[in-house]
**Student:** 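Dumping the structure here so I can ask a few things about it.
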Amino acid sequence: MTSGHSPPVPGRRSPAWPSAASTVVGVIGDPVTHSLSPLLHNAAFDALGLDWVSVAFAVRTGDVGRALAGMRALGVAGLSVTMPHKEAARAEVDEVTDVARRLGAVNCVSLHEGKLVGDSTDGEGFLAALRRGAGIEARGRRCLVLGAGGAARAVVLALASAGASEVVVVNRTPARAEAAAALAGSVGRVGVGEDLASAEVVVQATPLGMEGAGGAVGAVGAGGPRAYDELVDLDGLHSGQVVVDLVYHPLRTGMLERAAARGAATVSGLGTLVHQAALAIERWTGRRAPVEAMWSAVEVEVNR
Ligand code: NAP
């Protein structure tokens, strides 16, 4: 051995040495090369001292069934599922948790005794992020969710399950807002922009403000911050509110800038990302996730 590294010890993680004995997990999506999931998973495996490794798999639309069959055949222990595959993955697993069934989407697949079990951890991850980022619980809170896509639906269900007193959904397409609000049962309703002022917790769950190859969604060629104002009246933001943006690239979105300027507490989307990854680690390994180590790793990466 000339590299200076020691050979791997079975069952122990040696970061430079994924080996024939290593357990593999990963993330599937398209695009996926930007994903922070492998970094979060590998930070957890390092901290736990497990000989596990996480990688990203680019899977095209239409190939999710074959990807999950490959997971089973190869003994890949777990997969995180990101856009655009969460609904397709729901249809391809053997069993789903109650949350994944109600959402019709899966963001975490585990291989248990040959069976693929699908779960949805975004909502629970969001609640953990709210707790850590703002020090509050959803119970008894008046909440407003902006958006009605997969992320918004997970948040709506999680808020209602956690005992929120009201979950108001505001979305560009009214029919989708109705369907999302229905997930909250008797505390859910479709709202209008002016409802923002009376909410205690505001969750931005659309891609508005997200930076991509073409610049920020809703900011380039769409009237800048006014893109938010087409959905809600941001002048209604005030101190005493907590505003969470699920977008984490950039960490400080236009929504959070506006909220902070008006005295509201703000929570970036990084927390939900970290905590849903921590929940995946717990589903896959049966061990308590080393959340602080995962936070440290991702903070180094995003502040690079
Ligand atoms: P999705 O299923 O495609 O839903 C997108 C939602 O945003 C829909 O309600 C859509 O409205 C609305 N929307 C899209 N473009 C809009 C625009 N220009 N103006 C107004 N509304 C617009 O997406 P998703 O999976 O829910 O993800 C939403 C965001 O959350 C993404 O940025 C994603 O990266 C982020 N996310 C973050 C985490 C995390 O861990 N932090 C987890 C999941 C998702 P219509 O219904 O009218 O089309």
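Along the sequence shown, residues carry numbers from 1. In listed order, ligands and their atoms are each counted from 1.
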**Student:** Return the CG to OG distance between L144 and S198, rounded to the nearest 0.5 Å.
**Tutor:**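 With rounding to 0.5 Å, CG (L144) is 8.0 Å from OG (S198).
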**Student:** Heavy-atom contacts with G269 under 4.0 Å: which atoms of ligand 1 show up? List them by number with element.
**Tutor:**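 Atoms satisfying the 4.0 Å criterion: 39 (C), 41 (N).
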**Student:** Please identify which atoms of ligand 1 are closer than 4.0 Å to at least one heavy atom of G150.
**Tutor:**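 This gives 2 (O), 26 (O) as the contact atoms.
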**Student:** Check for a donor-acceptor pair, side chain of S110 on one end and backbone N or O of H112 on the other, with a separation under 3.5 Å.
**Tutor:**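 Not at all, since once roles are kept as given, no pair shorter than 3.5 Å links the two residues.
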**Student:** Are any of the N or O atoms of D122 closer than 3.5 Å to those of ligand 1?
**Tutor:**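 Looking only at distances, the answer is no, because the N/O contact criterion of under 3.5 Å is not met.
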**Student:** May I ask which of P207, G149, G147 has a heavy atom nearer to atom 7 (O) of ligand 1 than the others do?
**Tutor:**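 Ranked by closest heavy atom to atom 7 (O) of ligand 1, first place is P207.
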**Student:** Can you find a non-hydrogen atom of A227 under 4.0 Å from ligand 1?
**Tutor:**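 No, A227 has no heavy atoms under 4.0 Å from ligand 1.
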**Student:** Quick check against the 3.5 Å criterion: does R72 have a side-chain atom that pairs as donor or acceptor with the backbone of G114?
**Tutor:**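 Yes, R72 side chain to G114 backbone: donor-acceptor pair under 3.5 Å.
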**Student:** Of V155, V274, T173, which has the heavy atom at the shortest distance from atom 45 (P) of ligand 1?
**Tutor:**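 Comparing heavy atoms across V155, V274, T173, the nearest one to atom 45 (P) of ligand 1 lies in T173.
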**Student:** Hydrogens and angles aside, do S54 and N42 bring a side-chain donor and acceptor to less than 3.5 Å of each other?
**Tutor:**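 N42 and S54 do not have a side-chain donor-acceptor pair below 3.5 Å.
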**Student:** Can you tell me if T206 and R172 form a side-chain donor-acceptor pair at under 3.5 Å?
**Tutor:**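 There is no such pair between these side chains.
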**Student:** Does S268 offer a backbone N or O that forms a donor-acceptor pair with the side chain of D245 under 3.5 Å?
**Tutor:**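 Looks like no, no N/O pair under 3.5 Å.
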**Student:** Hey, quick one: are V59 and V109 part of the same hydrophobic cluster, counting side-chain heavy atoms closer than 4.5 Å, chains of contacts allowed?
**Tutor:**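 In one cluster: yes.
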**Student:** Looking only at distance, does Q276 have an N or O less than 3.5 Å from an N or O of ligand 1?
**Tutor:**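 Such a contact does not occur with ligand 1.
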**Student:** Record the part of L270 in heavy-atom contact with ligand 1 below 4.0 Å; permitted values are side chain, backbone, both and neither.
**Tutor:**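 For L270, no heavy atom sits under 4.0 Å from ligand 1.
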**Student:** Is there a continuous path of hydrophobic side-chain contacts, each under 4.5 Å between heavy atoms, that joins V243 to L159?
**Tutor:**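 No.
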**Student:** Is ligand 1 under 4.0 Å from a heavy atom in the side chain of V247, in the backbone, in both, or in neither?
**Tutor:**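 It is the side chain that gets close, since no backbone atom is under 4.0 Å.
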**Student:** When you look for heavy atoms under 4.0 Å from ligand 1, do you find them on the side chain of A205, its backbone, both, or neither?
**Tutor:**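 A205 to ligand 1: backbone contact only, side chain stays beyond 4.0 Å.
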**Student:** Examine the proximity of ligand 1 to M83 and report which part, side chain or backbone, both or neither, has a heavy atom under 4.0 Å away.
**Tutor:**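 Just the side chain.
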**Student:** Does the side chain of S239 come under 3.5 Å of the side chain of Q241 through a donor N or O and an acceptor N or O?
**Tutor:**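 Side chains of S239 and Q241: no pair found under 3.5 Å.
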**Student:** Against heavy atoms of A148, which atoms of ligand 1 measure under 4.0 Å?
**Tutor:**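 Selected atoms, number and element: 9 (O).
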**Student:** Pairs of nitrogen or oxygen atoms closer than 3.5 Å, one from N171 and one from ligand 1: do any exist?
**Tutor:**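 Between N171 and ligand 1, an N or O pair is found under 3.5 Å apart.
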**Student:** Tell me the contacting part of T206 for ligand 1: side chain, backbone, both, or neither, using a 4.0 Å heavy-atom threshold, strictly below.
**Tutor:**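 For T206, the contact with ligand 1 is made by both the backbone and the side chain.
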**Student:** Could an N or O of ligand 1 be found under 3.5 Å from any N or O of A151, whether backbone or side chain?
**Tutor:**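 A151 vs ligand 1: N/O contact under 3.5 Å present.
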**Student:** Linking I/L/V/M/F/W/Y whenever their side-chain heavy atoms sit closer than 4.5 Å, directly or via other members, would V167 and V267 fall into one cluster?
**Tutor:**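 Yes, same cluster.
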**Student:** Parallel, tilted or perpendicular: which describes the rings of F45 and W52, with under 30° parallel and over 60° perpendicular?
**Tutor:**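 Ring orientation, 0 to 90° scale: tilted.
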**Student:** Is R172 close to ligand 1, meaning an N/O of one under 3.5 Å from an N/O of the other?
**Tutor:**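 For ligand 1, there is an N or O atom that lies under 3.5 Å from one belonging to R172.
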**Student:** Does any N or O of ligand 1 fall below 3.5 Å from an N or O anywhere on L231, backbone included?
**Tutor:**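 So ligand 1 has no N or O lying under 3.5 Å from an N or O of L231.
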